[in-house]
Amino acid sequence: MAQHNELGKKGEQLAIDYLIENGYQIRDKNWRFQKAEIDIIAQKKDVLAVVEVKTRSSDYFGNPQDFVNPKKIQLSVKAINEYVVSKELDLEVRFDIIAIIKSEKETKIEHIEDAFLYF
């Protein structure tokens with residue numbers, strides 16, 4: 001497996017652990033619909049958090065969250081609409097980003113709630 005793929009998998013597991021530690025229930029991970037993939041779908045009380053995980057080894061080229069583009073946002077919105085309808089959910093939906101910088105020396109995790117409001 002390519003090194004960036006391994007880093008991405010480690011980042012997703014760190015994000016899952018972080019969410020569980022903060023009271024979220026993981027409903028699905030790597031959920032796919034058409035061309036979209038949702039990294040993590042988690043629930044806390046009556047909120048469905050749609051989580052995009054971005055992991056980088058440094059912030060040299062920018063913050064991890066800066067790499068979520070409008071196309072990814074559009075696909076995520078379409079996919080989660082299908083998820084909510086197909087599962088007949090009646091929950092508030094929120095789009096979050098968990099930005100992780102994992103270097104050899106340290107790991108930084110930033111959870112940005114309602115992240116798509118800022119794009």
Side-chain angles (χ1 to χ4, degrees):
M1 183 180 291
Q3 188 173 3
H4 71 277
N5 289 340
E6 289 179 28
L7 182 62
K9 291 287 182 200
K10 287 179 186 174
E12 285 185 12
Q13 189 57 55
L14 286 168
I16 287 169
D17 295 343
Y18 170 88
L19 289 166
I20 291 170
E21 288 172 15
N22 286 280
Y24 289 84
Q25 173 194 358
I26 306 303
R27 293 184 63 105
D28 272 297
K29 57 185 180 175
N30 300 333
W31 190 82
R32 294 178 180 273
F33 175 71
Q34 295 178 350
K35 295 181 180 182
E37 179 180 347
I38 306 293
D39 292 333
I40 302 169
I41 301 171
Q43 184 176 341
K44 187 172 184 179
K45 299 181 183 174
D46 62 346
V47 175
L48 191 69
V50 181
V51 182
E52 175 68 17
V53 181
K54 287 295 181 189
T55 308
R56 298 289 184 267
S57 57
S58 78
D59 61 358
Y60 183 78
F61 293 107
N63 294 316
Q65 62 269 28
D66 295 340
F67 293 89
V68 178
N69 61 41
K71 181 72 172 172
K72 175 65 178 177
I73 293 169
Q74 180 184 20
L75 289 171
S76 296
V77 169
K78 185 176 181 180
I80 206 60
N81 184 58
E82 173 62 25
Y83 184 88
V84 168
V85 169
S86 68
K87 305 246 184 229
E88 298 180 358
L89 300 176
D90 186 20
L91 299 168
E92 175 186 341
V93 176
R94 186 181 74 210
F95 292 89
D96 296 356
I97 296 173
I98 293 185
I100 300 172
I101 298 176
K102 178 155 183 46
S103 67
E104 292 180 14
K105 297 179 182 179
E106 66 180 331
T107 300
K108 295 180 188 175
I109 298 175
E110 182 179 3
H111 183 185
I112 305 161
E113 296 181 359
D114 282 326
F116 291 4
L117 294 176
Y118 306 104
F119 286 87

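Hydrogens, waters and symmetry mates are skipped; everything else that's a heavy atom, side chains included, is used.
- The 12-atom threshold is exceeded at CG of Asn22, counting heavy atoms of other residues, nucleotides or ligands nearer than 6.0 Å.
- Residues Val77 and Phe95 have side chains in contact (heavy-atom distance under 4.5 Å, counting atoms from C-beta outward).
- Here the closest non-hydrogen pair linking Ala79 and Trp31 is O-CZ3, 3.3 Å.
- Looking at Lys29 and Glu12, their side chains never come closer than 4.5 Å, going by heavy atoms from C-beta outward.
- Taking the side chain as every heavy atom from C-beta outward, Ile100 and Lys10 never approach each other to under 4.5 Å.
- Looking only at side-chain heavy atoms (C-beta outward), Ile41 and Ile80 come within less than 4.5 Å of each other.
- Hydrophobic clustering (ILVMFWY, side-chain heavy atoms < 4.5 Å, transitive): Tyr83 and Ile16 are in distinct clusters.
- Nearest heavy atoms, Ile101 versus Ser58: CG2-CA, 3.8 Å.
- For the atom pair CG of Leu14 and CG of Leu19, the computed distance is 11.0 Å after rounding to the nearest 0.5 Å.
- No donor-acceptor distance shorter than 3.5 angstrom exists from the side chain of Asp96 to the backbone of Val50, with no hydrogens or angles considered.
- Of all non-hydrogen atoms in Thr55 and Gly11, the two that sit nearest each other are OG1-CA, 3.2 Å.
- The closest side-chain heavy-atom distance from Val47 to Glu113 is not below 4.5 Å.
- Side chains of Lys9 and Asn30 form a contact here, defined as non-hydrogen atoms less than 4.5 Å apart.
- Lys44 NZ: more than 12 foreign heavy atoms inside a 6.0 Å radius.
- Following chains of ILVMFWY side-chain contacts shorter than 4.5 Å, one cannot reach Ile112 starting from Ile109, and the two form parts of different hydrophobic clusters.
- There is no path of hydrophobic side-chain contacts, each under 4.5 Å, that joins Leu75 to Val84.
- Lys71 NZ to Lys35 NZ: the interatomic distance, rounded to the nearest 0.5 Å, is 6.5 Å.
- For the pair Glu52 and Lys72, the salt-bridge criterion is met [side-chain N within less than 4.0 Å of a carboxylate O].
- In terms of heavy-atom proximity, Ile98 sits nearest to Val51 at CG1-CG1, 3.7 Å.
- Counting only heavy atoms from C-beta outward, the side chains of Val68 and Lys54 approach each other to under 4.5 Å.
- The hydrophobic cluster containing Phe33 also contains Leu91, counting ILVMFWY residues as joined when their side-chain heavy atoms lie under 4.5 angstrom apart, directly or transitively.
- Under the 3.5 Å distance criterion, the side-chain polar atoms of Gln43 are matched with a main-chain donor or acceptor of Lys45.
- Counting heavy atoms from C-beta on, the side chains of Ile40 and Ile26 come closer than 4.5 Å.
- A salt bridge is defined here as a Lys NZ or Arg NE, NH1 or NH2 lying under 4.0 Å from an Asp or Glu carboxylate O, and Arg94 with Glu92 fails to meet this definition.
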>> Working note: Ser76 + Phe116, criterion side-chain contact (heavy atoms from CB on, under 4.5 Å); need CA distance, chi angles, decisive distance, verdict.
In response: CA-CA 10 Å; Ser76 296; Phe116 291 4; 4.1 Å; yes
